[in-house]
J.: 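First the structure, then my questions, so here it is.
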There are 2 protein chains.
Amino acid sequence: MGKSETARNPRTPKKTSSAANAQARPARRPAAARTETPYHHGALREALLKAAERVLERDGLAGLTLRAVAREAGVSHAAPTHHFGDLTGLLSELAAVGFRQFNAAMASACDAATTPLERALARPKAYVAYAQAHPGMYGIMFRTERLDYSRPSLHEAAEASFAGLANAVGMMRQEQISEDALTLTQGAAIARAWSMVHGFTMLLLDGRLEDILDRLPEGTTAERLLEAMLTAPITGKPTGP
Amino acid sequence: MGKSETARNPRTPKKTSSAANAQARPARRPAAARTETPYHHGALREALLKAAERVLERDGLAGLTLRAVAREAGVSHAAPTHHFGDLTGLLSELAAVGFRQFNAAMASACDAATTPLERALARPKAYVAYAQAHPGMYGIMFRTERLDYSRPSLHEAAEASFAGLANAVGMMRQEQISEDALTLTQGAAIARAWSMVHGFTMLLLDGRLEDILDRLPEGTTAERLLEAMLTAPITGKPTGP
DNA sequence: GCGAAATCTTTACACTGTCAATATTGCGTC
DNA sequence: GACGCAATATTGACAGTGTAAAGATTTCGC
């Protein structure tokens, strides 16, 4: 292993709008067919990531294979390997895309909030909403074991996600969260916020909250349950199960 | 990798003491030849589940394949299919075993608790402890998508797990939790407890709490963080990220 | 005892990831 | 301009997987 990922630079000829994924590559026709489907794709890496996203949404996590992505992008089955090294590489880069989408969604939700209550609930709601809108992507990000966090793009995107969370908790507690040291109380607050929302999301996606939702008053949505979970008065006793 | 698949010679083998890895060959059927490895295993289903558990602990979730389990049990590669239908079937039955182990661990932890504080923290701690002691099994139960909850054994075991949780939350709140109806507050309490511990466990197993733990005072363990997370004073504001 | 059903093996096939060996092209350097 | 090399993409191969079908062997109901 250790095939250092080639830093592929965008020399992209003209890219045009044929980036709309030219399917139906009619096999090799080298000299003549230069107008379409050149031997060198030009922006295959990005095309593969987009193809992977489509496959993921269409066929789920189980259908997301290197060869399926290659088929979707209309290239040979071994083409992805050259750009991502192996399946872990592809999944990791795709997870990085997901984290960036996720971070953008969180930021935009925060900006839209006005009242204090809204501001407090905006991020959790956006968190769950993203996962529900992109369950496959969320699965790549948080369910898969095959992620390589030593890849810079993934490490960065995930780190940014964590930083946003820690920062939001700090805001909530109206105190500065240091970069390199935390009190136990601060760490507990961050862990609680993250665990709660992440756990809720996973249980929800796995259908394990159906038992609860079905027993709740008619028409109670998952979002309403989330709200209640985050805002309900605390008994003063430990809240463990 | 060089393992030639047909290592198992045709029947009537003289090697009676193949007890190397197949010591659990009871040959409970009082047939004539009990010393030889009989064509019919006799208790292959249970043997396969135990083999699966060994494979899972040894090679992780990625190594848990139908054929690997068959090899571990010393039978042909298609034998598991007959007992479990397909891979989903095997994983589901194994998850059921896990849920039963899990329920037993939780119950025993509850019994051992004496003081109110201990009683409040016993279940969460046992929850995390089980996951740390059996990460593979926990992954089967909560990470895999391929589970068939229509299988009675799995449905029952998982249901018992949920009932135990709901019951514990009811105890904590000193109120009766009805079987078929919940108030929003009750549902929120259950969802909060479960989400928090489940989310914490997944983040911990995935190494995503390392960032927090590293920034905490020297020598703070995950268990200590869990305690703090569950018992820390509430600010009165919503606790979302 | 005997046929039927259950159990296990063998065989086969379509997939998969990954490697090695090509073919094709782009680009820097004469 | 042409040449050479590296990047890019294809082809082919191989071991491993799940799963289905057909055959072999044993147990069970009658």
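By convention in this document, chain letters (A, B, ...) are assigned in the order of the sequence lines, proteins followed by strands, and residues within each chain are numbered from 1. All values below come from the heavy atoms of this structure, side chains included, with hydrogens, waters and symmetry mates left out. Keep in mind it's a predicted model, so treat the numbers as computed, not measured.
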J.: Quick check: does any side chain N or O of R192(A) sit under 3.5 Å from a backbone N or O of M229(B), one acting as donor and the other as acceptor?
T.: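 At least one qualifying donor-acceptor pair exists.
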
J.: Would you kindly give the CG-to-C1' distance between D86(A) and dC19(C), to the nearest whole Å?
T.: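 Result: 12 Å.
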
J.: Could you state the atom-to-atom distance from CG of L64(B) to C1' of dG16(D) in whole Å?
T.: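 One finds 15 Å between C1' of dG16(D) and CG of L64(B), rounded.
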
J.: Between dT18(C), dT19(D), dC8(C), spot the one nearest the side chain of L66(B), thanks.
T.: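 The answer is dT19(D), which lies nearest to the side chain.
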
J.: When you check the phosphate oxygens OP1 and OP2 of dC8(C), does a side-chain N or O of R45(B) lie under 4.0 Å from one of them?
T.: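 Looking at the OP1 and OP2 atoms of dC8(C), neither is under 4.0 Å from any side-chain N or O of R45(B).
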
J.: At under 4.0 Å, does any side-chain N or O of R67(B) touch on OP1 or OP2 of dT16(C)?
T.: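 For dT16(C), OP1/OP2 do not have a side-chain N/O of R67(B) under 4.0 Å.
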
J.: Ignoring the backbone of L87(A), work out which of dG17(C), dT8(D), dA20(D) is nearest its side chain.
T.: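 Of dG17(C), dT8(D), dA20(D), dG17(C) is nearest to the side chain of L87(A).
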
J.: Determine, using ring centers only, whether F102(A) and Y138(A) are less than 6.0 Å apart.
T.: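 No, too far apart.
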
J.: Quick check on dT17(D): is either OP1 or OP2 less than 4.0 Å from any side-chain nitrogen or oxygen of T65(B)?
T.: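 Yes.
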
J.: Can you give me every donor-acceptor pair (side chain of residues 91-99 of chain B, partner residue at least two apart or in another chain, under 3.5 Å) with its distance?
T.:
residue, atom, partner, partner atom, Å
S92(B), OG, T88(B), O, 2.7
S92(B), OG, D148(B), N, 2.8
E93(B), OE1, R45(B), NH2, 3.1
E93(B), OE1, S153(B), OG, 2.9
E93(B), OE2, R151(B), NH1, 3.0
E93(B), OE2, S153(B), OG, 3.2

J.: In whole angstrom, what separates H82(A)'s NE2 from dA6(D)'s P?
T.: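 The answer, rounded to whole Å, is 13 Å.
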
J.: I'd like to know if the side chain of T221(A) reaches the main chain of E223(A), judged simply by a donor and an acceptor atom lying under 3.5 Å from each other, with no hydrogens or angles considered.
T.: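 Present.
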
J.: In whole Å, what is the span from the CG atom of L91(A) to the P atom of dT16(C)?
T.: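 Rounded to the whole Å, the gap is 14 Å.
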
J.: Would you indicate which nucleotide in dT9(C), dC19(C), dT19(D) comes nearest to any side-chain atom of A79(B)?
T.: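 Of dT9(C), dC19(C), dT19(D), dT9(C) is nearest to the side chain of A79(B).
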
J.: Picking from dC8(C), dT10(C), dT18(C), which would you name as closest to the side chain of T81(A)?
T.: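 Shortest atom-to-atom distance from the side chain points to dT18(C).
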
J.: Under 4.0 angstrom, heavy atoms only, what part of the nucleic acid is R146(A) near: base, sugar-phosphate, or nothing?
T.: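 Sugar-phosphate: the residue R146(A), judged by heavy atoms under 4.0 Å, touches backbone atoms but no base.
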
J.: In whole Å, I'd like the distance from the NE2 atom of H83(B) to the C1' atom of dA20(D).
T.: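 For the pair H83(B) NE2 and dA20(D) C1', the rounded distance is 17 Å.
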
J.: Can you check the L44(B) CG to dT7(C) P distance for me, whole Å?
T.: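 Interatomic distance, CG of L44(B) to P of dT7(C): 10 Å.
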
J.: For dC8(C), does OP1 or OP2 lie under 4.0 Å from any side-chain N or O of H77(B)?
T.: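 Checking H77(B) against dC8(C): no side-chain N or O falls below 4.0 Å of OP1 or OP2.
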
J.: Grab the CZ-P distance between F84(A) and dT8(D) for me, whole Å please.
T.: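 Interatomic distance, CZ of F84(A) to P of dT8(D): 12 Å.
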
J.: What I'd like to find out is whether the side chain of R143(B) reaches to under 4.5 Å of the side chain of M202(B), using heavy atoms alone.
T.: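 Yes, close enough: below the 4.5 Å cut-off.
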
J.: Among the nucleotides dT17(D), dT9(C), dC8(C), which one has an atom lying closest to any side-chain atom of R71(B)?
T.: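 Nearest to the side-chain atoms of R71(B), counting from C-beta on, is dT17(D).
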
